[in-house]
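Keep in mind the model is a prediction, meaning the values are calculated, not measured. Numbers for residues simply follow the sequence, beginning at 1.
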Amino acid sequence: MTEDLQELLFALCAAPGTPGDESEAARRAAWELSDCGETEIDRMGNVICRIGNQTAQQQILLDAHLDQVGLIVTRIETNGFLRVDRCGGTDRRVLPGSPVTVFGKEPLTGIVCCMPPHLTECGEDKVESVDRMAIDLGLSTEEAQELVSPGDRVLVRAPQKRLLGTRITSPALDDRAGCAALIRCAQLLRNQTLSCGLTILLSSREEAGGQGAQTGAYSLEPTEAIAVDVSFAAQPGVDPAKCGKLGGGPMIGMAPILNRPMTNRLLELAKEHEIPYSMEIMGGETGTNADEIAVSRTGVPTAMVSIPLRYMHTPVEVIDTQDVAYTARLLAEYVKGVD
């Protein structure tokens, strides 16, 4: 099963999908969900899959976001270089000297320009803002203008690799790991008789403000919801009290905006089914789609579960696939227990 999850994760992460341009990622995710229930892609680019009793009083929404951080082309310089800006919260520290793919009329390989440290005022310590960076395609101005337009998207290239044990590294694990957990949850439930309705929402534009989850929750009118995202895993230099542990199971969120009884139920189920977990305590909003879903229409009781991840918003994010499996099991048990 771990092998299957790794293949699913690599397939989901390989499909490009920056905020507002998630169509390829959405098509791949919809194909993965199509055996589980009625599946569609709505006008906002959200993937929606309906399972269980859609006429039941209780309607559960499980959300994870499809989009990944990247760059957007802002203009083409007269020397053929591309100027770019952030598309989501890309970590600018990893950009200089990185190979990228520019999705123009055809995929193009480029390099993010980097100044030799000998020629910079602050040596190796200075990182320019993204809007001052440029991409070198090795093309003339005319060739670049023929193949690239302002608004085209850019992704940093990095290999997908299996690490030791059940860990993997790949771009876009934020939040294709959450998408994989929901797909796996749907697979666990597809032959079950459910007393409630279940809708899987793989939402667009989270990295640009959460508009996909906001409109999706409004149109679907759930009676309760669980948002699934990634959060920080322990690594050198990070306070362990604020982190989860790779392989330590999902992080169950607790915050003022989240529903306390739902959170308590997730904790009870994790203990009952011997699913490892940790707590993630937040003093305000969560910074995830849970914030948008909770205030949809007249309010939606909402809980949050996160998958531990290292090196967030870089092209070398790392997770343990066991945590994806644990998250899927916990969500499936929650849905089965809703009357």
Side-chain angles (χ1 to χ4, degrees), residues 9 62-65 68-69 88-94 163-170 172-182 206-207 210 213 225-294 301-331 333-334:
L9 281 157
L62 300 180
D63 168 83
H65 71 86
Q68 66 189 112
V69 298
T90 301
D91 188 340
R92 69 181 184 178
R93 298 172 301 172
V94 303
L163 305 179
L164 292 177
T166 52
R167 297 179 182 181
I168 63 171
T169 180
S170 174
L173 286 168
D174 175 10
D175 184 33
R176 307 286 168 78
C179 295
L182 297 196
E206 191 271 350
E207 299 290 357
I226 302 175
V228 181
D229 210 321
V230 295
S231 193
F232 308 112
Q235 66 182 73
V238 181
D239 183 357
K242 299 180 180 179
C243 298
K245 178 183 176 183
L246 290 183
M251 302 164 69
I252 298 174
M254 185 170 288
I257 200 167
L258 300 175
N259 181 270
R260 186 68 177 267
M262 290 179 67
T263 301
N264 290 341
R265 181 61 180 150
L266 287 168
L267 293 170
E268 292 168 3
L269 287 169
K271 295 171 185 175
E272 179 183 344
H273 295 278
E274 299 182 339
I275 298 171
Y277 71 93
S278 61
M279 293 289 297
E280 184 176 20
I281 312 298
M282 294 153 282
E285 293 185 335
T286 69
T288 73
N289 280 340
D291 302 335
E292 280 69 43
I293 295 170
T302 303
M304 191 185 80
V305 176
S306 297
I307 296 167
L309 173 142
R310 287 179 181 159
Y311 322 128
M312 188 178 295
H313 287 190
T314 76
V316 289
E317 293 171 334
V318 172
I319 63 162
D320 193 314
T321 55
Q322 286 280 40
D323 294 329
V324 178
Y326 289 139
T327 301
R329 280 184 55 208
L330 178 61
L331 297 172
E333 293 300 334
Y334 184 94

Minimum heavy-atom distance Gly210-Asn289, with the two atoms named: CA-OD1, 3.7 Å
Kindly write out the residues that satisfy side-chain contact (heavy atoms from CB on, under 4.5 Å) with Ala181, not counting sequence neighbours, or none if the list is empty. Ile307, Val324, Thr327
Could you give the distance from CE (Met254) to CG (Leu266), rounded to the nearest 0.5 Å? 10.0 Å
Among all residues two or more places apart in sequence or in another chain, which pass the salt bridge (charged side-chain N to carboxylate O under 4.0 Å, His left out) test with Arg260? none
Considering only heavy atoms from C-beta outward, does the side chain of Ile257 approach that of Met282 to under 4.5 Å? no
List for me each residue that meets side-chain hydrogen bond (donor to acceptor under 3.5 Å, both in side chains) alongside Asp323, sequence neighbours excluded, and say none if there are none. none
Quick one: which residue pairs count as a salt bridge (charged side-chain N to carboxylate O under 4.0 Å, His left out) with a foot in residues 303-322, not counting sequence neighbours? Arg167-Asp320
Taking every heavy atom of Ile281 against every heavy atom of Met279, the minimum-distance pair comes out as CD1-CE, 3.8 Å
Main-chain N/O of Thr166 paired with Thr321 side-chain donor or acceptor, under 3.5 Å: yes
Restricting to non-hydrogen atoms, name the atom on Gly178 and the atom on Ala64 that form the minimum distance, rounded to 0.1 Å. C-CB, 3.5 Å
Considering residues at least two apart in sequence or located in another chain, which fulfil the side-chain contact (heavy atoms from CB on, under 4.5 Å) criterion with Glu207? Pro19, His65, Asp67, Val69, Asp174, His313
Sorted by chain and residue number, the salt bridge (charged side-chain N to carboxylate O under 4.0 Å, His left out) partners of Glu285 (sequence neighbours excluded) come out as none
Met262 CE to Ile252 CD1 distance, which is reported to the nearest 0.5 Å: 11.5 Å
Thr169: partners by side-chain contact (heavy atoms from CB on, under 4.5 Å), with sequence neighbours left out: Lys161, Leu163, Val316, Val318
Atom pair CE/CG of Met312 and Asp175 - distance to nearest 0.5 Å: 9.0 Å
Under the side-chain contact (heavy atoms from CB on, under 4.5 Å) test, residues paired with Pro276 that sit two or more places apart: Tyr326
Shortest non-hydrogen contact between Ala290 and Leu258, atoms and distance: CB-CD2, 3.9 Å
Could you work out, with side-chain hydrogen bond (donor to acceptor under 3.5 Å, both in side chains) as the rule, every residue matching Gln322, not counting sequence neighbours? none
Under the side-chain hydrogen bond (donor to acceptor under 3.5 Å, both in side chains) test, residues paired with Tyr311 that sit two or more places apart: none
Donor-acceptor pairs under 3.5 Å, side chain of residues 226-247 to any protein atom, not counting sequence neighbours: which ones?
unit_1, atom_1, unit_2, atom_2, d
Ser231, OG, Glu280, OE2, 2.5
Asp239, OD1, Ala241, N, 3.0

Nearest heavy-atom neighbours spanning Leu9 and Ala177: CD2-CA, 3.6 Å
So how far is it from Ile168 CD1 to Leu173 CG, rounded to the nearest 0.5 Å? 5.0 Å
Suppose the criterion is salt bridge (charged side-chain N to carboxylate O under 4.0 Å, His left out): which pairs have a residue in residues 261-273, not counting sequence neighbours? Arg265-Glu268
Ignoring hydrogens, what is the shortest heavy-atom contact between Ile275 and Pro250? Give both atom names and the distance. CG2-CD, 4.3 Å
